[in-house]
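For reference, the structure discussed in these notes is given below.
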Amino acid sequence: MEKYAGIDIAKRTHWMCVTDGEGRFLMEPRPYGNDADGLSRMVADLDLCGGDVAVGMESTGCYWRSCYKVLAEGGYPVSVINPVVTCAERKSGNLGRAKTDRVDCLVVADALRKQGIAC
């Protein structure tokens with residue numbers, strides 16, 4: 001089964017969700033602190049999804065780098081997605097125009113899935 005994790009990167013709190021190949025939630029959006037404990041919880045939650053999860057995130061400032069490093073070291077394939085792509089995805093989808101952390105992680109997961117990026 002294909003699985004896609006979308007991460008909305010922020011200065012203090014990242015949000016992540018995991019979807020299947022049809023875009024259905026396997027894991028509802030959850031917040032993670034942008035610190036060692038939060039990133040460890042993120043990897044643990046991905047591990048609970050059964051591994052083999054393709055991960056996508058936007059390159060927001062410098063805040064994505066530590067998350068990228070921890071996930072790559074955990075063996076997850078991580079794609080950094082251009083914010084222009086996710087902005088277009090948000091506008092074209094049925095998620096509404098509201099820009100929230102909970103919605104943005106799903107937008108990232110959908111962009112990853114639609115680009116056909118798999119682990």
Side-chain angles (χ1 to χ4, degrees):
M1 170 195 293
E2 295 175 342
K3 295 176 237 170
Y4 303 92
I7 303 172
D8 180 54
I9 299 291
K11 182 177 183 177
R12 291 188 179 86
T13 305
H14 305 319
W15 280 77
M16 181 178 74
C17 71
V18 179
T19 64
D20 64 12
E22 303 289 320
R24 294 179 298 246
F25 282 120
L26 297 174
M27 186 183 83
E28 294 279 333
R30 296 179 186 173
Y32 299 88
N34 185 12
D35 55 23
D37 290 338
L39 296 175
S40 292
R41 276 192 327 104
M42 185 182 283
V43 171
D45 283 350
L46 286 172
D47 290 345
L48 289 174
C49 288
D52 292 337
V53 180
V55 179
M57 66 181 70
E58 289 182 342
S59 58
T60 304
C62 62
Y63 306 116
W64 64 277
R65 292 181 181 157
S66 58
C67 185
Y68 181 97
K69 182 177 186 250
V70 167
L71 292 172
E73 288 173 352
Y76 288 96
V78 184
S79 298
V80 180
I81 300 173
N82 187 323
V84 172
V85 172
T86 54
C87 182
E89 178 65 30
R90 182 180 306 101
K91 289 177 180 176
S92 71
N94 60 359
L95 300 171
R97 296 199 185 265
K99 183 169 172 25
T100 68
D101 299 329
R102 292 180 61 89
V103 169
D104 284 351
C105 64
L106 178 57
V107 169
V108 173
D110 279 349
L112 189 66
R113 179 176 57 86
K114 289 176 181 175
Q115 288 179 5
I117 298 171
C119 47

For this session: Applying side chain to side chain contact (heavy atoms under 4.5 Å, CB included), run through Tyr32 and Ile7 and close with a yes or a no.
Result: CA-CA 10 Å; Tyr32 299 88; Ile7 303 172; over 6 Å; no

Exercise. Atom CD in Gln115, atom OH in Tyr4: separation rounded to 0.5 Å?
Worked result: 10.5 Å

Problem set entry | CD1-OH distance between Ile9 and Tyr63, expressed to the nearest 0.5 angstrom | 11.5 Å

For this session: Indicate yes or no: at least one non-hydrogen side-chain atom of Leu106 is less than 4.5 angstrom from one of Asp110.
Result: yes

Exercise. For Val108 and Gly6, which heavy atoms make the closest approach, and how far apart are they?
Worked result: CG1-CA, 3.8 Å

Exercise. Can Cys67 and Asn34 be said to form a side chain to side chain contact (heavy atoms under 4.5 Å, CB included), step by step?
Worked result: CA-CA 8 Å; Cys67 185; Asn34 185 12; 5.6 Å; no

Identify every side-chain donor-acceptor pair in residues 69-78 under 3.5 Å, counting partners at least two apart or on other chains, and give the distances.
residue : atom : partner : partner atom : Å
Lys69   : NZ   : Glu73   : OE2          : 3.4
Tyr76   : OH   : Leu46   : O            : 3.4
Tyr76   : OH   : Asp47   : N            : 3.1
Tyr76   : OH   : Asp47   : OD1          : 2.5

Problem set entry | Gap separating the CE atom of Met57 from the CE atom of Met16, nearest 0.5 angstrom | 10.0 Å

For this session: Locate the shortest heavy-atom distance separating Val18 from Ala5; write the atom from each residue and the value.
Result: CG2-CB, 4.0 Å

Problem set entry | CG-CD1 distance between Leu112 and Ile81, expressed to the nearest 0.5 angstrom | 5.0 Å

Exercise. Residues in side-chain contact (heavy atoms from CB on, under 4.5 Å) with Arg24, at least two apart?
Worked result: Asp20, Glu22

Problem set entry | Nearest-0.5 Å distance, CG of residue Asp35 to CZ of residue Arg12 | 12.0 Å

Exercise. Between the side chain of Arg41 and the main-chain N/O of Pro31, is any donor-acceptor distance below 3.5 Å?
Worked result: yes

Exercise. To the nearest 0.5 Å, what is the distance between CH2 (Trp15) and CD (Glu28)?
Worked result: 10.5 Å

For this session: Identify the two heavy atoms, one from Cys105 and one from Pro29, that lie closest to each other, and give their separation to 0.1 Å.
Result: SG-CB, 3.7 Å

